[in-house]
Number of protein chains: 2
Amino acid sequence: MFVKIKLAMKNLISNIKIAVNDKLYVKDPETSDLGKKIIQNSILLIDEIGFELFTFKKLGDRIQSNESSIYRYFENKHKLLLYLSSWYWTWIDYNLVFSITNINNPVEKLEKAILIVTQNITDDLDTPHINEEILNRIIISEFTKTFLTKEVDEENKEGFFIVYKRVVNRLIDIIKEVNPNYKYAKSLASSVVEGALHQQYIKKHFKTITNFNENDDVTQFYIELVKKTLS
Amino acid sequence: MFVKIKLAMKNLISNIKIAVNDKLYVKDPETSDLGKKIIQNSILLIDEIGFELFTFKKLGDRIQSNESSIYRYFENKHKLLLYLSSWYWTWIDYNLVFSITNINNPVEKLEKAILIVTQNITDDLDTPHINEEILNRIIISEFTKTFLTKEVDEENKEGFFIVYKRVVNRLIDIIKEVNPNYKYAKSLASSVVEGALHQQYIKKHFKTITNFNENDDVTQFYIELVKKTLS
DNA sequence: CTGAATTGATAGTAATACTATTAATATTGT
DNA sequence: ACAATATTAATAGTATTACTATCAATTCAG
């Protein structure tokens, strides 16, 4: 029965187009083949060579298209990364909402929510042109850079980070449900979401300062940490 | 008596040159006036315009020196940022070690250590050409970028991040002293050090997902979190 | 006070991050 | 089926960046 409901939800999600803030693109990449190719291959190329070395020229070469055509979809690579990030957090948000629907026990809800934001991601086959596992790797190594810029405040006002903050706010609400008297619900929630990305990064690159191996989930660490902090 | 010892230590620190991994520079900037000017003004300029827009040309203009002269000290701006970061973490490490010397109670040690890595920094007058308050702002907004690159693993092997990891390791040791049975000492310590930077950033830029105002210390949040987690 | 080291000035290169223009191709509406 | 329109491709061009190389000027040290 539970499985059936989950499948029904999954079907639902596969028909919902993930809507991204329209200030992030010049032309919506979801509306054309070239657009989808840009999204799909930018994810692969950024994963391969990193965001710093990624250019629209290289992407054009890879998809046998022209640099200038890519500029018709995105103003610059920073906006493209913001687009990919918004897409990712929207997808996480859907998963979060679905995973806690119909669950009434706050602690159970908390555990499910933490799982969603901390677990290792595998590809979601409902989105053929986007590989979530690879997108997750990009988020782990590149997302932080989207807001560590001189333009944060303007871009924040334009709503480029709302989806990310929405995910954090869902966690905040659940934390408050579990313990309405806890003083630092906001900081705890934002710590978990950002911290999970950092732990996933260092388990690959700074192995001496983490207790996890590359394939481990960091989930248990965060569930224990949050539950103890709220007790 | 305690104050006297602290002052004696402070005098000690003022005579100890903060040594930075010599692979990070071409010529040691501490050995010349121009070198010190480069350090001093790179901190100010990066703080003003951000690391992305910072160039050696602009720095040269500012210190009435030449771009090519700056290249005689640092290979590129990335190495310069790594230098500043190493300097910062070495300075934090000194402060950490001094603040816990002669303290035997592990919990007290823990609280002092967390204070050092989470508190708002003010200028240390023992280092005339380096303004720690501003350097701290740079670390908050730029340090994470030093390791979120495709070259992390090589640079990590070259030891560019040892001082940072040394600070984390000091915390790990103290955490283990407080609770030798806790399974995630490493991840907890690295979470606190990186998390504190993130909380300090968002209290300025993403105010809705933190419980702190710009001038608040995030220390209390972390002390409570760690103590509860270890209990 | 002379030779070595340091710094400054200038020039040059390849790559990046675009903009502009025009041509080629595909799509659509009637 | 065909003209109008939209989309994409190709090419060229610009300012800036991130350097390297060379040589002249200055400083410093024995």
Side-chain angles (χ1 to χ4, degrees), chain A residues 22-42 45-46 48-84 129 142 145-146 149-151 154-155 160, chain B residues 22-42 45-46 48-84 129 142 145-146 149-151 154-155 160:
Chain A
D22 61 15
K23 284 180 192 158
L24 290 176
Y25 50 76
V26 183
K27 178 183 156 78
D28 186 350
E30 291 288 337
T31 62
S32 77
D33 280 359
L34 179 62
K36 282 180 202 140
K37 252 177 146 182
I38 290 171
I39 296 307
Q40 181 178 24
N41 288 279
S42 64
L45 189 54
I46 292 172
E48 282 171 28
I49 64 177
F51 187 66
E52 275 66 43
L53 297 177
F54 170 85
T55 67
F56 281 0
K57 188 156 198 320
K58 289 176 188 166
L59 179 59
D61 290 349
R62 189 191 180 102
I63 63 177
Q64 278 114 259
S65 178
N66 201 278
E67 197 190 2
S68 60
S69 303
I70 299 165
Y71 275 104
R72 293 234 176 63
Y73 285 85
F74 294 99
E75 271 178 60
N76 51 50
K77 67 175 182 172
H78 177 241
K79 286 271 170 74
L80 170 57
L81 184 57
L82 283 167
Y83 177 95
L84 296 177
H129 64 298
E142 317 291 357
K145 297 175 196 166
T146 63
T149 70
K150 275 286 156 183
E151 296 82 30
E154 298 150 45
E155 296 190 348
F160 295 174
Chain B
D22 61 16
K23 284 181 191 157
L24 290 176
Y25 50 76
V26 183
K27 178 184 156 79
D28 186 350
E30 291 288 338
T31 62
S32 77
D33 279 1
L34 179 62
K36 283 181 202 138
K37 250 178 148 182
I38 289 171
I39 297 306
Q40 181 177 25
N41 288 279
S42 64
L45 189 54
I46 292 172
E48 282 170 28
I49 64 178
F51 187 65
E52 275 65 43
L53 297 177
F54 171 85
T55 67
F56 282 180
K57 187 156 199 321
K58 289 176 189 166
L59 179 59
D61 289 349
R62 189 191 180 102
I63 63 178
Q64 278 116 257
S65 178
N66 200 277
E67 198 190 2
S68 59
S69 303
I70 299 165
Y71 275 103
R72 293 226 179 69
Y73 286 85
F74 294 98
E75 270 177 60
N76 51 49
K77 67 176 182 172
H78 177 241
K79 287 271 170 72
L80 170 58
L81 184 56
L82 283 167
Y83 177 94
L84 296 177
H129 63 299
E142 317 291 357
K145 296 175 195 166
T146 63
T149 69
K150 275 285 156 182
E151 298 82 32
E154 298 150 46
E155 296 189 349
F160 294 174

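Note on naming: letters A, B, ... go to the chains in the order of the sequence lines (proteins, then strands), and numbering restarts at 1 for each one.
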- Query: Which part of the nucleic acid, if any, lies within contact of B:E67, taking any heavy atom under 4.0 Å across all strands shown: a base, the sugar-phosphate backbone alone, or nothing?
  - Reply: base
- Query: Contact class for B:F74 vs. all strands (heavy atom < 4.0 Å): base, sugar-phosphate, or nothing?
  - Reply: nothing
Is any side-chain nitrogen or oxygen of [X] closer than 4.0 Å to OP1 or OP2 of [N]?
{"X": "B:K77", "N": "D:dT17", "result": "no"}
{"X": "A:K58", "N": "C:dT16", "result": "yes"}
{"X": "B:S69", "N": "C:dG8", "result": "yes"}
{"X": "B:S65", "N": "C:dT7", "result": "no"}

In whole angstrom, what separates [X]'s [atom1] from [N]'s [atom2]?
{"X": "B:D61", "N": "D:dT16", "atom1": "CG", "atom2": "P", "value": "13 Å"}
{"X": "B:N66", "N": "D:dT22", "atom1": "CG", "atom2": "C1'", "value": "13 Å"}
{"X": "B:R72", "N": "C:dA9", "atom1": "CZ", "atom2": "P", "value": "12 Å"}
{"X": "B:F54", "N": "D:dT16", "atom1": "CZ", "atom2": "P", "value": "18 Å"}
{"X": "A:D33", "N": "D:dA6", "atom1": "CG", "atom2": "C1'", "value": "15 Å"}
{"X": "B:L34", "N": "D:dT26", "atom1": "CG", "atom2": "C1'", "value": "13 Å"}
{"X": "A:Y71", "N": "C:dA17", "atom1": "OH", "atom2": "P", "value": "7 Å"}
{"X": "A:I49", "N": "C:dA15", "atom1": "CD1", "atom2": "P", "value": "14 Å"}

- Task: By nearest nucleotide on DNA chain C, pick out whichever of A:S68 and A:K57 is the more 5' one.
- Result: A:K57
- Message: Under a 4.0 Å threshold between the charged nitrogen and the carboxylate oxygen, would A:K77 count as salt-bridged to A:E142?
- Response: no
- Is there a donor-acceptor contact under 3.5 Å linking the side chains of B:E30 and B:H129? yes
- So do the side chains of A:L80 and A:Y73 get within less than 4.5 Å of each other, counting heavy atoms only? no
- Message: Does any part of the side chain of A:D28, heavy atoms only, come nearer than 4.5 Å to the side chain of A:D22, both counted from C-beta?
- Response: no
- Task: Could you walk me through whether A:E48 and A:R62 pass salt bridge (Lys or Arg N to Asp or Glu O under 4.0 Å), step by step?
- Result: CA-CA 12 Å; A:E48 282 171 28; A:R62 189 191 180 102; 3.0 Å; yes
